[in-house]
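We name chains A, B, ... by the order of the sequence lines, and we start the count at 1 in each one.
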Amino acid sequence: MVSVEEIRRAALKWALKNAFDHEGKAQVGPVVSKVIAEFPAAKSVVNQVVEAVKEAVSWVNSLDSQTIEASLSEIAPQLLTEAPKKAAERQLPDLPAAAEGAVVLRLPPEPSGYMHLGHAFHGIVNYLYRERYRGFLWLRFEDTNPRKVRLEYYDSYREGYKWCGVKWDAEKNNSDDMELYYDYARRLFEGGHLYVCNCSKEELSRQRAEGVACSHRSIDTSWHLEKWDAMLSGAMSEGEAVVRFAGDPLSQNTALRDPVLFRIVDHPHPLKGDRYIVWPTYDFAVAVQDAVCGVTHVLRTSEFMFRDALQDAIRERLGLKNPVYVEYSRFEFEGTPLSRRRIRELIERGVVGGWDDPRLGTVTAARRRGISPEALREFVKFYVALTPSRKIYSWELLYAINKRIIDPKTPRLFFTPNPRRIIIQGAGRRIVTAPLHPSVDMGSRPIEVGETVYIPGSDAERLKPGDRFRLKYFVNLRVMDMNGDGLICRAEEGGPEPGLQVIQWVPEGSARLRVLIPDQLFRGEGLNVESLRIVEGLVEPYESEIAEGAVVQFERFGYCVKDGPGRYIFTHR
RNA sequence: GCUCCGGUAGUAUAGCCCGGUCAAGUAUGCGGGCCUCUCGAGCCCGAGACCCGGGUUCAAAUCCCGGCCGGAGCACCA
């Protein structure tokens with residue numbers, strides 16, 4: 001029990017502290033909270049606390065600030081100095097009902113298009129949990145629609161995940177277990193949980209929309225089994241019959257209104273050829289596979305929310321175990337469409353060059369424009385929440401992390417966009433030694449230079465006769481004269497000076513270079529007309545040593561990736 | 001339209017379940033400064049948010065109700 005005296009003392013202490021923090025004026029509410037936080041037992045006598053605090057506050061508020069500080073330093077000097085607030089290391093929240101060593105997760109890509117950043121994030125999230133719980137991660141291709149699936153895309157995912165640093169423990173395809181689906185289907189038919197339906201597509205969707213039961217549902221089991229066999233044997237053609245789940249035609253959740261679980265698809269499968277003609281739909285394949293794989297936690301985006309009940313119902317009728325679901329909103333990036341449908345459309349319209357166009361959010365595009373996989377992983381750890389609220393990430397956040405990661409590994413080079421010539425009077429031919437990095441020891445590159453150099457056009461424009469500036473690591477100059485589109489300068493003695501503008505430069509004979517500067521494809525409503533700018537300029541000779549795919553920092557310009565001979569892609573500032 | 005689900009600084013998040021150490025923490029971006037032979041990195045300082053309205057309570061970002069706004073689903077796609 002707390003004594004009245006203790007409450008009084010605490011009230012005074014926290015009133016002083018509160019006044020000290022807020023320009024000499026304490027408030028009753030926060031002080032009461034502080035007192036109760038210190039003495040939780042005082043909750044039962046909250047009226048007394050409030051009285052004590054009111055007294056203390058009105059007393060403290062009548063004091064001048066010096067007296068407040070003096071009194072506080074007497075009663076509780078430790079409160080005078082702000083305790084540093086600890087910045088807790090961010091980590092993903094615990095998985096519900098998860099135990100170390102007993103977590104099985106899965107990555108379920110549909111190989112029908114290239115992998116994008118949303119898939120990458122999802123893969124990383126699963127992988128991080130696999131690590132955290134020392135669990136097991138499946139890579140399982142959801143390839144039960146032969147018409148959509150293509151061979152090249154399987155590899156796109158394997159490579160994409162690998163590049164992201166996501167390791168999986170086992171791999172399989174939903175299409176590997178067709179016989180199993182058929183066996184399970186037969187069992188469900190026998191239990192009256194499945195029925196063959198001959199209705200037209202239109203009729204079927206009418207029934208589902210209006211919540212009416214299909215007449216086929218009440219026919220004898222033997223009839224359904226007969227039809228099922230006919231479907232399997234190829235005696236029926238596409239569209240002639242489907243297999244439906246005997247669910248609840250009246251359910252509020254439309255997914256439960258007798259959905260189609262098997263249909264005939266007369267189209268070869270990239271892996272199975274034309275061995276099968278009856279294919280399970282997503283819900284059936286997933287429901288069975290998640291159980292067969294022993295998946296304990298299904299992490300997925302909330303568009304699948306309405307299917308939980310269906311997939312659980314399928315498993316329950318099969319006597320299989322259900323997983324725990326963690327569902328969250330999709331990951332979006334500002335001005336960057338991620339949906340494969342929209343990307344395909346942009347490619348077809350010629351708005352972008354292809355799946356690896358640097359403006360796109362595909363994994364190949366991100367890779368091509370210099371986003372590092374470590375940055376993606378850090379990003380997921382620090383900025384991604386598995387919540388159902390809408391999130392649109394800004395590229396800045398990713399850039400900031402990427403920059404922190406690549407900066408210490410990135411050599412510096414001189415690149416002069418829209419170059420202007422400078423003739424230097426009074427400097428002979430010499431070799432300038434320039435370090436490859438300002439703080440990390442990466443060695444240096446020699447630059448042979450004579451009386452002619454080039455500097456960026458934007459710098460040249462600002463310079464007038466009489467101005468002074470420095471060519472980095474080289475020489476101080478004074479502008480003497482303008483000469484056509486160039487400048488004539490005189491060399492001066494001395495090194496770098498505080499306040500003296502430092503400019504990067506390249507010697508005569510430097511190679512031409514093109515830098516592609518990708519930006520968001522969309523701004524607000526419409527297309528961003530400047531989504532891909534091209535800057536041309538000269539680059540110092542050392543550039544020839546840079547390997548394709550490597551990142552450099554062009555000083556005072558930004559980080560760029562070598563995309564090909566004479567061609568770079570701008571990563572970010 | 002019907003059914004669900006959300007809403008904390010410009011952005012992403014912590015806190016919400018279990019009301020009080022929250023007149024709200026962090027990162028990024030922004031403003032200022034320091035440092036630096038880059039407009040990069042690093043360091044320091046600053047401004048910036050609980051969607052709105054009611055209710056419950058001594059006390060609400062947190063619980064309840066209503067509104068507004070946003071998102072998702074309503075395929076023989078996944």
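Arg244(A) comes within 4.0 angstrom of nothing in the nucleic acid, heavy atoms only. Within the 4.0 angstrom heavy-atom criterion, base atoms lie near Asp459(A). If you check every strand for non-hydrogen atoms under 4.0 Å, Asn145(A) touches sugar and phosphate atoms only. Residue-level contact check: Ile503(A) touches neither bases nor backbone, having no heavy atom under 4.0 Å from any strand. Residue Gly239(A) is in base contact, counting any heavy-atom pair closer than 4.0 Å across all strands shown. Residue contacts shown for Thr410(A) are absent, as no nucleic acid heavy atom lies under 4.0 Å away. As judged by a 4.0 angstrom heavy-atom cut-off over every strand, Lys25(A) is placed among the base-contacting residues. At a threshold of 4.0 angstrom between heavy atoms, the contacts of Pro438(A) include nucleobase atoms, whether or not backbone atoms are also involved.
The side chain of Thr254(A) lies closest to C74(B), out of C74(B), C77(B), A72(B). Comparing C39(B), C5(B), A78(B) by their closest approach to the side chain of Arg573(A) singles out C39(B). In this structure, the nucleotide among A23(B), U28(B), U3(B) sitting nearest to the side chain of Arg404(A) is U28(B).
Applying the salt bridge (Lys or Arg N to Asp or Glu O under 4.0 Å) test to every pair with at least one member in residues 381-394 of chain A, sequence neighbours left out, gives these pairs: Glu332(A)-Arg390(A), Glu378(A)-Lys381(A).
Counting heavy-atom neighbours within 6.0 Å of Arg478(A) CZ, excluding the residue itself, gives a total above 12. Around atom CZ of Arg8(A), no more than 12 heavy atoms belonging to other residues, nucleotides or ligands sit under 6.0 Å away. Counting heavy atoms of neighbouring residues, nucleotides and ligands inside a 6.0 Å radius, atom NZ of Lys272(A) exceeds 12 of them. Taking a 6.0 Å sphere around CZ of Arg330(A), one finds it holds 12 or fewer heavy atoms contributed by other residues, nucleotides or ligands.
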Got a list of side-chain donor-acceptor pairs under 3.5 Å for residues 24-38 of chain A, not counting sequence neighbours?
unit_1, atom_1, unit_2, atom_2, d
Lys25(A), NZ, Asn61(A), O, 2.9
Ser33(A), OG, Gly29(A), O, 3.4
Glu38(A), OE1, Lys13(A), NZ, 3.2
Glu38(A), OE1, Trp14(A), NE1, 2.6
Glu38(A), OE2, Lys13(A), NZ, 3.2

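OP1 and OP2 of A78(B) both lie 4.0 Å or more from every side-chain N or O belonging to Arg341(A). Between Arg206(A) and the phosphate of C74(B), there is no side-chain N or O to OP1/OP2 separation shorter than 4.0 Å.
Distance CG (Leu261(A)) to P (C77(B)): 11 Å, rounded to an integer number of Å. The nearest whole Å value for the distance from the OH atom in Tyr282(A) to the C1' atom in C76(B) is 17 Å. Between Lys34(A) atom NZ and A59(B) atom P there is a gap of 19 Å when expressed in whole angstrom units. As rounded to whole Å, 14 Å separates atom P of U28(B) from atom NE2 of His572(A). A straight line from NZ of Lys148(A) to P of A78(B) spans 7 Å, rounded to a whole angstrom. Protein atom CZ of Phe379(A) is 14 Å distant from nucleotide atom P of U11(B), rounded to whole Å. Distance, Glu334(A) CD to A12(B) C1': 11 Å, rounded to whole Å. Between Lys201(A) atom NZ and C77(B) atom C1' the separation is 10 Å, expressed in whole Å.
The base of G20(B) sits within donor-acceptor range of the side chain of Lys43(A), with an N or O pair under 3.5 Å. Residue Asn18(A) places a side-chain atom within donor-acceptor reach of the base of A23(B), judged by atom type and a 3.5 Å distance cut-off alone. The base of U38(B) lies close enough to the side chain of Gln553(A) for a donor and an acceptor atom to sit less than 3.5 Å apart.
When both distances must be under 3.5 Å, the Watson-Crick or G-U wobble mate of A41(B) does not exist. Within the shown strands, U3(B) is the pairing partner of A72(B) under the Watson-Crick or G-U definition, both distances less than 3.5 Å. With a cut-off of 3.5 Å on both pairing distances, the Watson-Crick or G-U wobble partner of G46(B) is C30(B).
Looking only at side-chain heavy atoms (C-beta outward), Gln501(A) and Arg462(A) come within less than 4.5 Å of each other.
Between Gly29(A) and Arg307(A), it is Gly29(A) whose nearest contact on RNA chain B lies nearer the 5' terminus. With RNA chain B read from its 5' end, the first of the two nearest nucleotides for Gln27(A) and Lys472(A) is the one closest to Gln27(A).
A salt bridge does not link Arg412(A) to Glu555(A): none of the charged side-chain nitrogens sits closer than 4.0 Å to a carboxylate oxygen.
If you take atom C1' in C74(B) and the same atom in C63(B), they sit 32 Å apart, rounded to whole Å. The gap from the C1' atom of C17(B) to that of C64(B) amounts to 15 Å, rounded to the nearest Å. Comparing the same atom, P, in C22(B) and in A60(B) gives a spacing of 16 Å after rounding to whole Å.
Proximity of residues 383-402 of chain A to RNA chain B (heavy atom under 4.0 angstrom from any strand atom) is restricted to Tyr383(A), Ala385(A), Pro388(A), Ser389(A), Arg390(A), Lys391(A), Ile392(A), Tyr393(A), Ser394(A), Glu396(A), Leu397(A), Ala400(A).
The closest side-chain donor-acceptor pair between Arg106(A) and Asn126(A), if any, does not fall under 3.5 angstrom. Between the side chains of Asp177(A) and Gln289(A), at least one donor-acceptor pair of N or O atoms lies under 3.5 Å.
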